[in-house]
Amino acid sequence: MNVMKDFQITRRGFGFLAAGVAASAMLPFAARAAGGGAVAATFPGSWEDAYRAVLTPMVKDAGYDLTIAPAMAQDQLAKIMASPGNPPYDTLLMSPGQMAVAIEKDLIQKIDPSKLKNWGMLDPSFQGEYGPTVTIEVNGIAYNPDLVPKPKPKGYRDLFENPAYSGKVSWTGFASNTAVMAYTEIAKIFGSGPNDMDAVFKLFKDHPEHLKGVVDSTNHQMTLFQQGEIAVFMCSTGNVARLKSLGLNAEFVQPETGSPAAPVNIHLTKGTANLDAAYAYMDAAISKAAQDQLKEPPTEMFPTNKDVALTPGIEAYVTRDQIKTMVYPDWVAINKNRDGWIRQFDALVAG
Amino acid sequence: MKASGFPYVLPMLLLSVAFFATPLAVLVGFSFAGPGGATLEHYARFFGDAFNFRVLVNTARLGLETVIGTTLLGVPIALLYWHGGRNLRQVLIFLTLIPMLTSNVVRTFAWIVILGRQGPISEALVGLGLTGMPTSLLFTELGLVMAMCQIDLPLIILPLIAILSRTPVQLTEAAQVSGAGPWRIFVTVLLPLMLPGLLAGWILVFASTSSSFVTQAVIGGARNVYVPQLIYREVGTLFDWPLASAIAVVLLLSTGCLLVALTMMSRHRRLVGHA
């Protein structure tokens with residue numbers, strides 16, 4: 001039997017099929033052109049789901065279409081750089097590390113706050129000239145209480161010095177913002193300062209059992225945590241909220257040396273053709289109505305709008321006063337060294 | 001080809017130039033781009049780092065291991081198809097094609113469950129008393145090869161089936177009548193017949209495995225680094241596109257060399273006989 005003979009199609013049929021495929025491929029462009037909407041890059045996973053569910057209807061009410069396009073911050077940058085002058089996204093969502101790169105490479109533009117009705121609801125520290133801060137990601141240590149020894153880990157030092165954690169901790173490389181923030185803290189503890197990464201590399205060499213748990217990204221760690229493959233990993237409160245919402249036994253620890261934190265900002269890409277829609281989306285993201293929903297599980301995003309009261313769940317992690325005392329890394333210094341750190345760490349992990 | 005047939009291939013030719021040759025030329029151009037004009041600096045940087053060279057070797061080894069694994073699994077399945085009746089053949093085709101209709105990402109994440117500490121492999125090993133405690137094959141090359149073999153198996157089964165479908169089953173009976181044993185029939189009759197299909201399958205499996213970014217990253221973890229991850233790191237994290245292009249060209253050339261060698265083998269009359 002010839003398997004290929006079982007599948008037959010006429011030339012006309014093939015023509016219709018090809019035309020259909022071509023038309024469906026053009027649909028996103030057509031929809032965008034017709035609706036005058038914005039394409040907003042958003043982190044994949046819970047961010048994507050929440051922004052699509054909460055913000056898309058709000059922007060629609062303001063008279064614009066909104067397409068939520070999931071992409072990690074690094075991927076957003078790479079895609080914007082690949083199409084200069086014709087950006088695939090109207091807005092980007094990123095932390096200061098990537099924002100510094102975007103400014104340096106002239107990929108984003110300063111915003112006009114007068115176009116945002118809710119601008120005044122933000123604390124001045126959240127009113128960036130390159131876009132508003134929509135939440136603060138507070139980082140720390142996630143653990144599965146069924147799999148780690150009691151008492152819970154106090155901080156990063158515990159993970160390396162308490163043999164009970166051997167083989168249970170997972171790390172990611174320096175490409176991850178979460179990981180970089182943790183490594184700068186570890187460099188302070190075991191080295192001479194946040195940029196003394198040789199101390200961190202030495203630590204991993206002295207504890208090779210930790211190298212076995214190095215994976216590519218926090219997203220992979222979430223999957224591995226679900227499967228019970230890992231018991232401890234560096235993450236944000238948002239990651240833990242997501243795991244809890246999936247019914248998993250996950251807890252969060254603020255390291256005794258302080259929680260590294262990263263503001264998450266919306267930026268306007270340079271050359272965007274849908275300014276009004278982009279501003280409508282930005283305004284919706286910092287509105288009380290949106291943040292009142294985004295602060296609830298499963299996202300539990302820290303609200304930057306002053307009128308939004310914190311939930312008991314968020315207050316258990318961090319209060320408004322504590323936000324000021326979080327550890328905010330020096331991203332300029334990190335970006336300067338990141339290339340070398342990534343290469344060194346990857347070579348170390350590969351053995 | 002007759003000269004009058006040229007207009008019919010023209011659209012395909014234009015499409016190939018526009019969507020294959022031009023992007024490839026851009027990629028190659030990028031790999032030589034330097035501030036003062038064309039430069040070999042990016043290739044020198046790639047080969048100057050022993051780590052990169054090791055990654056290249058790892059990638060080729062992964063491709064070869066998967067080729068061996070899929071061959072060992074694919075040949076018996078193809079022979080079963082060849083000897084089977086209509087119903088068995090339909091079942092085998094169905095089982096071969098269905099996984100191909102499932103996203104590679106989904107299949108990869110399913111392998112996390114299979115290879116994990118609480119997965120069926122670990123439980124079987126513990127149950128048989130081969131290991132005292134649950135064992136995870138995640139982040140190991142063995143686990144990655146197992147996953148790649150399952151994912152790429154159809155790529156070797158289908159060319160083999162295509163070849164065997166044209167071959168009468170009575171051929172083995174004729175060889176038996178002539179006094180040949182099963183192994184002799186396999187080595188002297190079936191293997192030369194299947195070789196063109198095997199070579200086509202090997203090319204597909206090797207190319208697919210060596211460029212399978214998602215599976216390599218998820219199952220292999222960060223300890224097993226392969227060329228696609230290196231390219232992604234340069235593009236998406238370090239934004240060093242010229243170096244990424246140079247690495248992509250090196251991967252393309254190294255895979256291309258192997259493909260050319262296999263293609264030449266497939267045209268060798270002494271090797272493939274009169275198949």
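Being a predicted model, the structure only gives us computed values, none of them experimental. Chain letters run A, B, ... following the sequence lines, proteins first and then strands; every chain starts at 1.
At least one side-chain heavy atom of A/Asp75 sits less than 4.5 Å from a side-chain heavy atom of B/Tyr232.
For the atom pair B/Ile112 CD1 and A/His220 NE2, the distance stands at 7.0 Å (nearest 0.5 Å). We find the CG-CG distance between B/Asp240 and A/Asp339 to be 7.0 Å, quoted to the nearest 0.5 Å. In this structure, OG in B/Ser136 is found 8.5 Å from CG in A/Leu224, a value given to the nearest 0.5 Å.
Neither the backbone nor the side chain of B/Gln216 has a heavy atom closer than 4.5 Å to any heavy atom of chain A. Only the side chain of B/Leu138 comes within contact range of chain A, with heavy atoms under 4.5 Å apart. There is no contact between A/Ala73 and chain B, counting heavy-atom distances below 4.5 Å. For B/Val113, the parts lying near chain A are the backbone and the side chain together; criterion is any non-hydrogen pair under 4.5 Å.
Residue-level contacts of residues 342-351 of chain A with chain B, in order of numbering, are A/Ile342, A/Arg343, A/Asp346, A/Ala347, A/Val349, A/Ala350, A/Gly351; threshold 4.5 Å between heavy atoms. Using a 4.5 Å heavy-atom cut-off against chain B, the contacting residues of residues 210-217 of chain A are A/Leu211, A/Lys212, A/Val214, A/Val215, A/Asp216.
Counting heavy-atom neighbours within 6.0 Å of B/Phe53 CZ, excluding the residue itself, gives a total of 12 or less. The 12-atom threshold is not exceeded at CE of A/Met72, counting heavy atoms of other residues, nucleotides or ligands nearer than 6.0 Å.
Comparing B/Val218, B/Asp49, B/Val225 by how many heavy-atom pairs each has under 4.5 Å with chain A, the most go to B/Val218. Top candidate by heavy-atom pairs under 4.5 Å with chain A, chosen from B/Phe139, B/Phe109, B/Phe239, is B/Phe239. The choice from A/Thr172, A/Leu77, A/Asn335 that makes the most heavy-atom pairs within less than 4.5 Å of chain B is A/Leu77.
Residues passing the side chain to side chain donor-acceptor pair (under 3.5 Å) test with B/Arg61, sequence neighbours excluded: B/Asn58, B/Glu141. Partners of A/Gln221 under the side chain to side chain donor-acceptor pair (under 3.5 Å) rule, at least two apart in sequence or in another chain, are A/Ser170.
Residue B/Gly236 comes nearest to A/Ala78 through the heavy atom pair CA-CB, 4.2 Å, listed as atom of the first residue, atom of the second, then distance. Taking every heavy atom of both residues into account, A/Met81 and B/Trp241 meet most closely at C-CH2, 3.7 Å.
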